[in-house]
Amino acid sequence: MNNAADVWPIVLRILRENYNLPEVAIDTWFSDIRVAKIENDVISLIVPMPFKINTIMTHHKNNLTGALTDVFGVPMQFELYSEEEYEGAAVPIVPDFSNYDEYSFDKFIVGASNKFAHAAAKAVADAPGMSYNPLLIHGGSGLGKTHLLYAIAGTIKKKNPKAKITYIKSEEFTNELVTAIQTNSRAEFREKYRNSDILLVDDIQFIAGKDSTQEEFFHTFNALHESHRQIVLTSDRPPREMAKLEERLKTRFEWGLLADIEPPDFETRMAIISLKAQLIGLKLTQEQKELIANNVTANVRQLEGAVHKLLAYRDLLQDVDGLAAAERAIRDIFAENPWINPTPEFIIKAVAKYFEIEADAILSKDRSSKISEPRKIAMYMVRDMTHESFPKMGKIFDRDHTTIKHAVDTLEEQLKTDNALKEQIKDVKNSVLTP
């Protein structure tokens with residue numbers, strides 16, 4: 001095993017073979033777990049959907065403990081964390097792309113909001129390094145960007161098992177670079193990335209403003225591009241909206257093809273719900289599907305959460321029939337994850353946290369620029385994300401509704417020309433919408 005991430009595919013195989021867990025149970029409860037670290041006889045695991053933790057501990061604790069012990073040959077214990085609980089997680093689970101069917105092109109639901117990005121990704125997978133190099137796929141959180149990265153890699157790996165595919169998140173690229181500088185091992189760091197046949201980088205926007213990382217990535221990009229090796233990037237915005245990204249990198253990111261993904265429309269959401277339910281063996285009525293599709297609209301991850309919640313009801317409570325179960329699943333998800341359907345209060349707190357001020361200050365009469373600018377952004381975001389009326393917003397912010405409208409209108413005009421402000425608001429919005 002080269003790193004902690006290599007452990008998990010082996011654990012999944014042991015659960016199947018030695019503990020007879022059905023494929024549905026593996027896919028539902030274990031497939032998206034990531035290994036964070038292994039210390040002595042304890043392995044730390046990250047569970048992206050926190051509600052799964054209780055089910056795993058209640059129904060699968062002994063199986064998982066046994067499988068880990070089988071893998072390591074000594075008694076092992078495990079700890080489960082959500083993403084928020086385990087902030088130190090820095091070890092990504094990099095799949096064995098040749099056997100990673102869950103994120104294939106066949107499992108990607110294509111609709112009007114993503115068909116261009118899907119077509120571009122397939123073209124790159126069929127002829128890497130030939131036409132669209134780099135390919136940059138941009139869009140909000142949970143819309144399928146990483147799915148397409150994995151699908152590209154899986155397709156290439158099946159055609160060419162010897163292809164050297166490197167997948168990394170940009171923040172991990174930065175962390176590795178820092179370590180390389182500290183340990184005087186930059187040569188090894190450069191060899192790892194510049195010898196790749198395919199380089200896949202998730203969330204490239206996070207290198208913006210980091211001078212050493214941008215410098216290193218610039219030279220890595222050039223080395224790969226000049227030798228016609230494929231580069232695929234994802235981000236939450238197009239390069240021109242990354243205000244702190246160096247101009248030379250913006251230019252290079254635009255050399256190939258930019259493909260955007262937007263939130264799925266109703267028909268696409270219905271198709272996603274149907275496929276996810278089918279894959280985990282859950283039967284849903286048309287009314288249940290429509291209820292979920294009409295209420296969970298922001299991204300694919302949220303739709304998956306609703307379907308998995310209904311599966312939990314079936315397995316734990318033997319209750320999945322009728323609209324009441326679907327309504328409860330949606331209600332529970334909203335309660336557990338306020339970012340799905342943010343309230344004005346939640347947005348104001350997120351803005352305050354981003355600008356490192358108190359939420360009460362935004363609602364105060366303080367007119368200093370340190371407070372007034374975040375206040376204006378909070379007003380704009382509440383209007384944009386909740387569609388509250390100006391009179392209602394006036395009560396929330398304790399101001400005349402005409403003052404609120406003027407602030408929102410002013411900010412909208414600024415956004416037409418101020419890319420730095422646009423990037424700032426997008427960062428705040430992502431903090432609201434991302435779990």
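Below, all heavy atoms of this structure are taken into account, side chains as well, without hydrogens, waters or symmetry copies. On a predicted model such as this, the values are computed, not experimentally measured, just so you know.
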Any pair with a residue in [range] that passes salt bridge (charged side-chain N to carboxylate O under 4.0 Å, His left out), sequence neighbours left out, goes on the list, sorted by first then second residue, please.
| range | value |
| --- | --- |
| residues 193-208 | Lys169-Asp202, Arg194-Glu216 |
| residues 128-141 | none |
| residues 50-63 | Asp32-Lys52 |

Notebook entry, point to check: Does the pair Thr65 and Asn62 meet the rule for a side chain to side chain donor-acceptor pair (under 3.5 Å), with working shown?
Noted result: CA-CA 5 Å; Thr65 301; Asn62 291 339; 5.4 Å; no

Who are the salt bridge (Lys or Arg N to Asp or Glu O under 4.0 Å) partners of [X], not counting sequence neighbours?
| X | value |
| --- | --- |
| Glu17 | Arg13 |
| Glu247 | Arg240 |
| Asp70 | none |
| Lys416 | Glu413 |

Any donor-acceptor N/O pair, [X] side chain to [Y] backbone, under 3.5 Å:
| X | Y | answer |
| --- | --- | --- |
| Thr69 | Met76 | yes |
| Gln214 | Leu249 | no |
| Gln288 | Thr285 | yes |

Check: Is it the case that more than 12 heavy atoms not belonging to Glu358 sit under 6.0 Å from its CD atom?
Finding: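 At most 12 heavy atoms, drawn from other residues, nucleotides or ligands, come within 6.0 Å of this atom.
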
Note to self: Are there over 12 heavy-atom neighbours, none belonging to Lys164, within less than 6.0 Å of that residue's NZ?
What the structure shows: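 Yes, enclosed.
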
Notebook entry, point to check: Who passes side chain to side chain donor-acceptor pair (under 3.5 Å) against Ser212, sequence neighbours left out?
Noted result: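 For Ser212, no residue satisfies side chain to side chain donor-acceptor pair (under 3.5 Å) once neighbours in sequence are set aside.
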
Checklist line | All side chain to side chain donor-acceptor pair (under 3.5 Å) counterparts of Gln286, not counting sequence neighbours | finding: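 Residues passing side chain to side chain donor-acceptor pair (under 3.5 Å) with Gln286: Glu290.
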
Acceptor/donor pairs from residues 375-385 side chains to any protein atom, 3.5 angstrom cut, sequence neighbours excluded:
unit_1	atom_1	unit_2	atom_2	d
Arg375	NE	Ile362	O	2.7
Arg375	NH1	Asp366	O	2.9
Arg375	NH2	Ala361	O	3.4
Arg375	NH2	Ser364	O	3.0
Arg375	NH2	Asp366	O	2.7
Lys376	NZ	Gln414	OE1	3.1
Arg383	NH1	Glu388	O	2.7
Asp384	OD2	Lys429	NZ	2.6

Notebook entry, point to check: What pairs with Tyr193 under ring-ring contact (aromatic ring centres under 6.0 Å, His included), at least two apart in sequence or on another chain?
Noted result: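 Residues passing ring-ring contact (aromatic ring centres under 6.0 Å, His included) with Tyr193: Phe173, Phe189.
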
Notebook entry, point to check: Any side chain to side chain donor-acceptor pair (under 3.5 Å) pairs touching residues 116-137, not counting sequence neighbours?
Noted result: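 Listed by first then second residue: Asp126-Lys159, Asn133-Gln230.
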
Item checked: Note, Arg252 side chain near Phe217 side chain (heavy atom, < 4.5 Å) ->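 Side-chain contact under 4.5 Å: no.
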
